[in-house]
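When a ligand or atom number is given, it counts from 1 through the structure's own listing order. Computation of the quantities below employed the complete heavy-atom set of this structure, encompassing side-chain atoms and omitting hydrogens, waters and symmetry-equivalent molecules.
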Amino acid sequence: MNNDSKFTLIVIGCVIFFISLIGMIIYGYKTFAISPLDQKAEKDYSHHFALVAEENENDYWRLVKKGAEESAEKNHVNLEYVAPKKADNDELNRLLDRMIAAKMDGIIVQGIKGQRFKDLVHKSVERDIPIVTVDTDAKASERKAYVGTNNIEAGKLLGKSLLENTSGEQYVGIITGRNEAINQQERIQGFREMVKGHKRIHIIAIRESHITKNGATIASYKLLKQYPKINAFVGMSALDGPGIVEGVKEVAPFKNTYVLAFDTLPETMQLMKAGKIDATVAQYPEQMGNDAVEVLIRLQGKDLLDNLIYTKTNIITKEDVQRQDKTQ
Ligand code: BGC
């Protein structure tokens with residue numbers, strides 16, 4: 001190799017090295033940097049909390065966030081909101097770790113399964129950063145408190161509604177948000193406990209919606225194709241009800257299918273008014289966000305004796321919605 005070629009090689013090597021270095025710096029900054037609070041913010045806020053939600057673009061979590069923000073503002077708390085773009089436990093753990101590294105005064109997070117989550121909660125609590133689980137508890141972790149629905153009881157409410165409002169054989173298709181989500185497992189457990197021993201109720205199959213309406217449409221569509229005798233659907237997460245209605249419309253539009261949903265997002269309420277969803281379990285996500293912030297404030301420097309803070313749940317039927325609509 002002559003000197004010219006050597007020189008060119010060295011120059012190319014240097015250019016590649018510097019481009020990689022700059023890339024690494026940018027990547028490192030984007031991955032690990034937490035937007036720094038300016039001096040004024042530090043002074044004005046009593047605490048700096050984080051809310052780590054299940055999924056960013058999700059109407060249910062927007063309500064949790066809204067409630068948390070209202071309480072944060074009232075209590076002069078600076079609240080950081082982070083969430084995976086699409087529900088993903090690994091990403092949630094990564095965000096939780098980032099919030100611990102950012103030395104928050106407290107963290108509100110959806111409880112999830114797995115050793116990694118437990119380890120992170122342990123690390124957080126060791127660093128005096130209390131953790132409150134919201135919406136879904138992770139009892140096996142060292143979280144300081146849980147704020148949200150009693151999900152086993154909520155599942156029982158679904159079962160009770162099915163028993164009270166149907167007659168004859170019921171072949172049930174269950175649509176669950178995510179198989180690995182603890183709250184979904186608990187709701188299914190509660191539902192099973194309630195219908196157990198009632199010979200006319202047959203749970204045919206359980207399919208995932210990935211907590212999207214489209215996912216619930218596809219899942220219920222496929223279930224109905226595979227098991228045409230299904231005449232009742234139970235949706236276990238917020239967008240499952242509207243998805244089920246679409247799926248049923250495609251495969252069995254003239255069949256009388258009993259549809260039970262979860263949550264009271266606007267589309268669900270409209271479909272109840274139209275008689276397409278028979279009943280839903282109401283949860284109070286804004287209340288959860290609100291209470292979780294209050295609980296974190298109380299947890300500063302001390303533990304709580306009563307650390308299971310269940311927010312309300314109740315069944316709303318299509319008749320309730322239609323009646324209310326008439327009186328308005
Ligand atoms: C659940 C949340 C879930 C949401 C999905 C709700 O019923 O409580 O955990 O993220 O549905 O949209």
Can you tell which part of [X] has a heavy atom less than 4.0 Å from ligand 1: side chain, backbone, both or neither?
{"X": "Gln283", "value": "side chain"}
{"X": "Asn58", "value": "side chain"}
{"X": "Asn183", "value": "side chain"}
{"X": "Lys213", "value": "neither"}

I need the atoms of ligand 1 closer than 4.0 Å to a non-hydrogen atom of [X], numbered in the order shown.
{"X": "Glu54", "answer": "2 (C), 3 (C), 9 (O), 10 (O)"}
{"X": "Ser237", "answer": "7 (O), 11 (O)"}
{"X": "Gln110", "answer": "9 (O)"}
{"X": "Asp135", "answer": "1 (C), 2 (C), 8 (O), 9 (O)"}

Give yes if a backbone or side-chain nitrogen or oxygen of Thr136 is under 3.5 Å from a nitrogen or oxygen of ligand 1, and no if not.
->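 It does not: no N or O of Thr136 is found under 3.5 Å from an N or O of ligand 1.
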
Hey, is ligand 1 close enough to Ile211 that some N/O pair sits below 3.5 Å?
->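 By distance alone, the answer is no.
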
Contacts of Leu239 that satisfy side-chain contact (heavy atoms from CB on, under 4.5 Å) - sequence neighbours left out |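 So Leu239 forms a side-chain contact (heavy atoms from CB on, under 4.5 Å) with Asn58, Lys213, Leu265.
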
Can you tell which of Thr264, Asn314, Thr313 makes a side chain to side chain donor-acceptor pair (under 3.5 Å) with Tyr284?
->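 It is Asn314; the other options fail the test.
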
Donor-acceptor under 3.5 Å (Asn183 side chain, Thr136 main chain) |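 Such a contact is absent between Asn183 side chain and Thr136 backbone.
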
Just jot down the salt bridge (Lys or Arg N to Asp or Glu O under 4.0 Å) partners of Glu193, sequence neighbours excluded, or say none.
->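 Checked Glu193 against salt bridge (Lys or Arg N to Asp or Glu O under 4.0 Å); matches are Lys156.
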
Pairing of Arg178 and Glu54 as salt bridge, 4.0 angstrom limit =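 Salt bridge present between Arg178 and Glu54.
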
How about His202 and Tyr171: are their ring centres within less than 6.0 Å of each other?
->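 Between Tyr171 and His202, which both carry aromatic rings, the centre distance is below 6.0 Å.
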
